[in-house]
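Below you'll find the structure, written out as C-alpha cells, and then a few comments.
Here the structure is a predicted model, which is why all the values come from computation and not from measurement. Counting starts at 1 for both ligands and their atoms, in listed order.
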Amino acid sequence: MAQMRVVQVDRPNGPLEVVRREIPEPGAGEVRIKVEACGICHSDTLTRTGAFPGLAFPRVPGHEVVGSIDAVGPGVSRWKRGDRAGVGWHGGQCGYCDTCRRGDFFACETATRVTGITSDGGYGEYMLARAEAVARVPEELSAVEAAPLMCAGLTTFNALRNSGARPGDLVAVLGLGGLGHLGVQFANRMGFRTVAIARGKDKAPLAKELGAWRYVDSQAEDPAAALRALGGARVVLATVTNGPAMTATLGGLGVHGDLLVLGAPESLEASPFLLISGERNIKGWYSGTSIDSQDTLAFSVLTGVRSMNEVYPLERVAEAYDRMMSGAARFRVVLTMGG
Ligand SMILES: [Zn+2]
Ligand SMILES: [Zn+2]
C-alpha cells in the first residue's frame with residue numbers, strides 16, 4: 001500500500017509527530033484530498049490537548065486545508081480528480097435532522113464531524129473529507145494564500161456579512177492578529193467605516209495599510225469613548241481572546257449595536273445597564289459551512305483580501321505550531337506538504 005506522511009498527536013498534550021500511514025480510501029460520500037497547504041489555527045490546541053468532547057487519539061489536526069481532489073468515494077458525482085478543494089472546521093452535516101432541515105447545517109445534531117478533531121485533518125499529505133464539506137478553490141489563489149481563509153478568513157468574512165451592518169456604518173474590529181488583520185480588510189472592502197482597535201501606537205501603520213479608516217490604541221485611550229466620539233459602532237467584531245478587552249468596547253456600541261464574539265475567553269462580563277439602555281446585543285458567531293468558505297475565497301479574489309502568512313514545511317510542524325501559539329506570528333502560520 002502506498003504511504004503518506006501525516007502529523008499526529010497520540011495522547012493529550014503529546015508531541016506533534018511526523019509518522020507514516022497508509023493512504024486511506026474514501027468511503028461513501030467522501031473524497032480524498034491531496035493536501036498542498038494547511039493553516040495552523042489557535043483552535044488546533046483543542047486537538048493537541050484533547051480538550052474537545054469526544055476526541056479520540058491518535059488524531060491528525062488541521063482545519064485550514066487546501067489541495068486537490070485525488071479520489072472520490074461511492075455516491076460522489078460533483079467532484080472529480082484534479083479539482084482544487086478546501087476544507088474548514090465544519091466537516092459535514094446529515095441533511096435530515098431538525099436543525100439541518102431548518103437550514104442550520106452548522107449546528108447539525110447527528111453528523112457533527114469536525115475536521116482535525118473528530119476526523120483526521122490537514123497536517124499531512126492526504127486526508128478524507130465529506131463531499132458536502134468541500135469548497136471550490138479559485139485558480140487565482142495559491143494553496144498557501146487560500147488556506148488561512150478556510151477558518152480565520154471565513155470566520156471574519158461570514159460574521160461581518162451576516163452582521164446587519166450596512167455600507168457606511170461604523171464597524172470596529174477588536175484585535176489585529178490572525179483574525180483581526182483579515183477582519184479589517186473585509187470590513188473595509190464591504191464599505192464600512194472601519195475602526196481597528198489594538199494595543200500600542202506601533203500598530204497604527206499596519207491598521208491603515210489593511211484599510212482601517214481610524215485606529216484606536218486601547219492603551220492610550222478608552223476604546224468605548226473613542227467609538228462614541230465617532231457616533232457609536234453598529235458592530236464590534238471581537239477577535240481577541242481577552243474578556244476584559246471585549247467588555248471595554250461595549251460602551252462604544254451605538255443603539256442596537258452588536259458585539260460579535262469570535263474569540264473565546266473563559267468568561268465575559270457585561271453591564272446589563274448598557275445592554276438594556278441601548279438594546280445592545282452580545283452574539284456569538286460560528287465560522288460557517290463549505291459554501292461560506294467558497295464565498296470567502298471568491299470575495300477575497302474579487303477585492304484583493306490576503307492573509308499575511310509565515311510558511312513552514314511539514315517536517316518543521318513543532319516549530320510552526322509553537323510560533324503560532326506564541327502569538328508572535330505575523331499573522332497566520334501555514335504548513336506546506338511539498339512534492
Ligand atoms: Zn480555526
Ligand atoms: Zn443534521
- Among side-chain atoms of N281 and H256, is any donor-acceptor pair under 3.5 angstrom? no

- Taking atom types as modelled, find out whether Y123 and D44 have a side-chain donor-acceptor pair closer than 3.5 angstrom. yes

- With the Zn ion (ligand 2) at the apex, how many degrees lie between SG of C94 and SG of C97, rounded to 10 degrees? 110°

- Message: Rounding to 10°, state the angle centred on the Zn ion (ligand 1) that links SG in C151 with NE2 in H63.
- Response: 110°

- Task: Could you tell me whether any N, O or S atom belonging to H42 is less than 2.8 Å from the Zn ion (ligand 1)?
- Result: no

- In terms of heavy-atom contacts, does CZ of R81 have more than 12 from other residues, nucleotides or ligands at under 6.0 Å? no

- Is the closest basic N to carboxylate O distance between E30 and R113 below 4.0 Å? yes

